Peer 1: 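Quick one: the structure is below, questions incoming.
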Amino acid sequence: MDPSVVVVDLSVVVPAYNEERRLGPTLDAITTYLRDNEGRFGDWEIVVADDGSDDGTREVVTSRSLDNPRVQLVTSPRNRGKGHALRLGVAASRGRRVLVTDADLAAPIEELEKLDKELSEGRAAAIGSRAAPGATIESHQHPVRELLGRAGNFLIRQAAVPGIRDTQCGFKLFEGDRAREAFAASRINGWGIDVEVLQHFRRADWDVAEVPVRWAHQSGSKVRPLDYARVLTELARLRARSLRPVDVLVPVLFLLMSVALYSGRFFDPSHRYLEDSLQDQNQWEWFFAVTADNVAHLHNPFFSNLQGFPDGVNLMANTVMLGLSVPFAPLTLLAGPAVSLSVCMALGLAATAAAWYWLIVKRVVRQRAAAFVGASLAAFAPPMVSHANAHPNFVILFMIPLIIDRALRLCAGTRVVRDGVVLGLMAAYQIFLGEEPLLLASIGMALFAASYGVLNRDVVRASWRPLLKGLGLAALVCAPIILIPLYYQFAGPQSYKSVLHGDNAGNSPLSLLSFAERSLMAGDEIRANSLSLNPTEQNAFYGWPLVALAFAIVVRLWEHTLVKALAFTAIAAAVLSMGPKIRIPLTDTIYPGPWALLAHKPLFESVIEGRVAMICAPALGMLVALAVERLAATRELGTQYVGLLAVCLGLLPLVPAPLKAVDRAAVPAFFTDGTYKSYVRAGESLVPIPLADPGAAEALHWQTASGLGFKMPGGYFNGPYGADRIGIYGASPRYTSNMLRDVRYTGVIPTIGKNWQAQAKADFAYWHAGALVIAPGPNDDKLRTAVAKLTGKPGKWVDGVWVWDLHEGS
């Protein structure tokens, strides 16, 4: 404040627009109260900020100012909103304290005493609240209006000022200079200025008390129900204007990186196929198509008998990602599952990188470039690129950083109930995106928490109670949402106990030091495939330069607890990923691995343990971000040069090449032009020969191309096998399906007599087969011969396929 300005103890700012009828009694009430209590509040003034009124509002103020010069008027030439009026009035104030009150005086001026007490105890502001415990509502608004107001206020505080119950009560007392600073910095002209000013106080770490007050609804209120929506709109615009340009640029860069990775398929997804996805692209397109079909026809989203007919597929027990396949259903129905899956994976990978960037900026480093490098490693590390071929559930992980941040908020113990509820909702949604990634993330968080807790016991003592309380609340919120879906998954039709992956699903120690196939500069396809299950499961392959860089970072920054905890997390995850038996490279020596303690436990028994190494990606990304920030801050150019060179040498070999894509085989016209419909009656299936299975699932593409117009036995999914209901890939095999599959792969036809014919007849009946179809492919002539012997008749060439009509008299 200008030193030449005469300072008063209290300024009362009243915004007014067309308040001719209500303003006079309000000014009289305020004047009388302050005159009677000058011993407490000292010198005072009233500033009425007229917002371009076109009635007698100004005359009311002028008449009062003639009687009492402490009543002042400031005016705006036109109506611009409450925010503009308050900014005008507070700027004209001279008080050590500034009270802002509405012209209707819904909160009586006598409530000032409560607010003043809070400022006397050192608060920077005290705001009247109708929602705080102890508040009294003497006259309610219309119930509908009140409900809308509460809903709007809830959304406002969730979006802008969490923890404050009532942002819009027009009765607030501020420390004067801070009020003038906050209002001068404000930009909103409408009702949202209350929230904007409170945000300013929160960012400045100025203490704000929420005080329960008496309040009574006054007729003639200028606040309309839709004004709460306008406040949200104003805050959204303000938030957009406050974003740093780099925080907008980074997600755009991540999107460009994602599109570049998928460039072979992204621009023509309906006619391009990711070669290293094996059969998974067909499977995932089917998942998106069947989910959209279930949504469109209001069918059970957890089950389908379109493949695996007649038994069907438990979709909840498969990775259909309902959390995305349902929201993407309109795009799937409009443009097809190939387009929908392609867009979803590209956007999802970019969103994951942006989420890691947000978490690293918020929790690890402030330097944006360092956070970008760390997030790039977390989202585009070799294991992530490998899964980007085929597994959206391991690529689209944007919820994981949000869950980590919410768990850390719980440790702070400031808003345990709110954070616990939000964490429960987040966990429930992540379950509909992917349960195994959530389990792996939980392992990573447990490793980090254990190591950090051992290193910093004070943090444990301060945080364990709010953390446990919050986790309990999260479980209570999450359970009702996921109970039915999980029951269906584990006990519903076609559910299974576990999926066995064999004894060799762990990583070799060499795979941690080697380079993945798609590493642009150092990729080695032969070596990578020899050290992994397949191109979609190259779960380590961080390369020895990055491992050496991480070791150097840990040694250099060892004094930091965070660095120690991240190092332990990465090392422990790497060791766990080696599986229950660890073979020492170049020897026959085998040691038991720590994964053996978990391998046969529920949930863990179905995990491909090599995937645990994916936990290393964000841990290494954060270590690199810390190093880059430290190097950027140093003034020693030599150290900076050598350090940044080391970072480049550690990361450049891992830059991925675009995923391999090939032209997709055309779908036979038999399926696309609807010819199949004349061969399949209600309740029947169309049987591709051999049946679709995890090794050859092109028939799923035929089915989606036909608009899911027919059911078929076989398929590519997880389902039960045998009395023990052990999980297997594909439908339970039958004699005929096994024999025809062997003919396709070997070209050898067994001796087919009456026994095989009888078995085939029984299997065709089990499948409710209306017709058999063979498309051109390897050994298709042998298959035609075998099927002709089984059915006793030759097939017919129809629209690009050989067809056997199984109906009597056909």
Side-chain angles (χ1 to χ4, degrees), residues 352-353 356 359-360 363-365 370-371 373-387 394 397 400-401 404 407-408 437 439-456 506-516 538-579 582 593-595 598 607-630 646-647 649-651 653-654:
T352 300
W356 283 120
L359 179 67
I360 293 173
R363 297 286 181 179
V364 183
V365 299
V373 174
S376 297
L377 179 55
F380 291 89
M384 315 305 296
V385 172
S386 172
H387 284 276
F394 279 99
L397 302 174
I400 300 300
I404 293 172
L408 292 173
L439 178 61
L440 296 182
S442 299
I443 294 173
M445 286 188 283
L447 292 173
F448 179 86
S451 56
Y452 197 92
V454 168
L455 296 168
N456 196 331
N507 293 321
S508 164
L510 289 177
S511 67
L512 294 164
L513 303 174
S514 302
F515 297 102
Q538 293 176 9
N539 292 306
F541 299 93
Y542 291 100
W544 63 264
L546 177 58
V547 173
L549 173 65
F551 178 79
I553 293 171
V554 171
V555 171
R556 180 64 183 85
L557 302 179
W558 182 250
E559 69 274 12
H560 298 284
T561 302
L562 176 60
V563 171
K564 295 176 184 176
L566 289 171
F568 175 82
T569 302
I571 294 170
V575 174
L576 284 171
S577 79
M578 296 179 192
I582 301 175
W595 185 258
L598 302 172
V607 173
I608 295 178
E609 54 265 33
R611 293 174 174 174
V612 179
M614 298 172 71
I615 296 171
C616 301
L620 291 171
M622 292 178 191
L623 286 172
V624 171
L626 286 166
V628 172
E629 183 179 56
R630 174 66 67 89
V647 171
L649 293 176
L651 296 181
L654 305 183

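Every value quoted in this text rests on a predicted model; they were computed, and no experiment measured them.
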Peer 1: In Å and rounded to the nearest 0.5 Å, what is the CG to CZ distance from Leu576 to Arg611?
Peer 2: 16.0 Å

Peer 1: CD1/Ile404 to CG/Leu408 distance, rounded to the nearest 0.5 angstrom?
Peer 2: 7.5 Å

Peer 1: Kindly write out the residues that satisfy ring pair (Phe, Tyr, Trp, His ring centres under 6.0 Å) with Tyr542, not counting sequence neighbours, or none if the list is empty.
Peer 2: none

Peer 1: Roughly how far, to the nearest 0.5 Å, is CE of Met445 from CD1 of Ile400?
Peer 2: 6.5 Å

Peer 1: List in chain and number order the residues that pass ring pair (Phe, Tyr, Trp, His ring centres under 6.0 Å) with Phe394, two or more places apart in sequence or in another chain; answer none if no residue qualifies.
Peer 2: His387

Peer 1: Under the criterion side chain to side chain contact (heavy atoms under 4.5 Å, CB included), which of Leu546, Val563, Val628 is the partner of Leu623?
Peer 2: Val563

Peer 1: When you look at Trp595 and Val612, which way does the side chain to side chain contact (heavy atoms under 4.5 Å, CB included) test go after all the steps?
Peer 2: CA-CA 10 Å; Trp595 185 258; Val612 179; 3.8 Å; yes

Peer 1: Given side chain to side chain contact (heavy atoms under 4.5 Å, CB included), test Phe515 with Leu654 step by step and report yes or no.
Peer 2: CA-CA 7 Å; Phe515 297 102; Leu654 305 183; 4.1 Å; yes

Peer 1: Using atom types as modelled and distance alone, determine if a side-chain donor or acceptor of Thr352 lies under 3.5 Å from a backbone N or O of Leu397.
Peer 2: yes

Peer 1: Would a 4.5 Å heavy-atom cut-off, applied to side chains only, mark Leu566 and Leu562 as touching?
Peer 2: yes

Peer 1: Minimum heavy-atom separation for Ala573 and Leu447, please, with both atom names.
Peer 2: N-CD1, 4.0 Å

Peer 1: Identify the two heavy atoms, one from Gly444 and one from Thr569, that lie closest to each other, and give their separation to 0.1 Å.
Peer 2: O-CG2, 3.8 Å

Peer 1: Evaluate the criterion side chain to side chain contact (heavy atoms under 4.5 Å, CB included) for residue pair Asn539 and Asn507; output intermediate values, then yes/no.
Peer 2: CA-CA 8 Å; Asn539 292 306; Asn507 293 321; 4.0 Å; yes

Peer 1: CD1/Ile608 to CE/Met614 distance, rounded to the nearest 0.5 angstrom?
Peer 2: 10.5 Å

Peer 1: Going from CG on Leu377 to CG on Leu651, what distance comes out if it is rounded to the nearest 0.5 angstrom?
Peer 2: 6.0 Å

Peer 1: Return the set of residues passing salt bridge (charged side-chain N to carboxylate O under 4.0 Å, His left out) with Arg556 (not counting sequence neighbours), or none when no residue passes.
Peer 2: none

Peer 1: Start with the C-alpha distance between Val547 and Leu513, add both sets of side-chain angles, then the distance that settles side chain to side chain contact (heavy atoms under 4.5 Å, CB included), and finish with yes or no.
Peer 2: CA-CA 7 Å; Val547 173; Leu513 303 174; 3.9 Å; yes

Peer 1: Show the nearest heavy-atom pair for residues Leu440 and Ile615, with the distance to one decimal.
Peer 2: O-CD1, 3.3 Å

Peer 1: I need the minimum non-hydrogen distance between Leu512 and Ala574, along with the two atoms involved.
Peer 2: CD1-CB, 4.0 Å

Peer 1: Locate the shortest heavy-atom distance separating Ala619 from Ala570; write the atom from each residue and the value.
Peer 2: CB-CB, 4.1 Å

Peer 1: If I take atom NZ from residue Lys564 and atom CG from residue Asn456, how far apart are they, to the nearest 0.5 angstrom?
Peer 2: 10.5 Å

Peer 1: Show the nearest heavy-atom pair for residues Pro401 and Leu359, with the distance to one decimal.
Peer 2: O-CD1, 3.8 Å

Peer 1: Hey, are the side chains of Pro509 and Met578 touching, using non-hydrogen atoms and a 4.5 Å cut-off?
Peer 2: yes

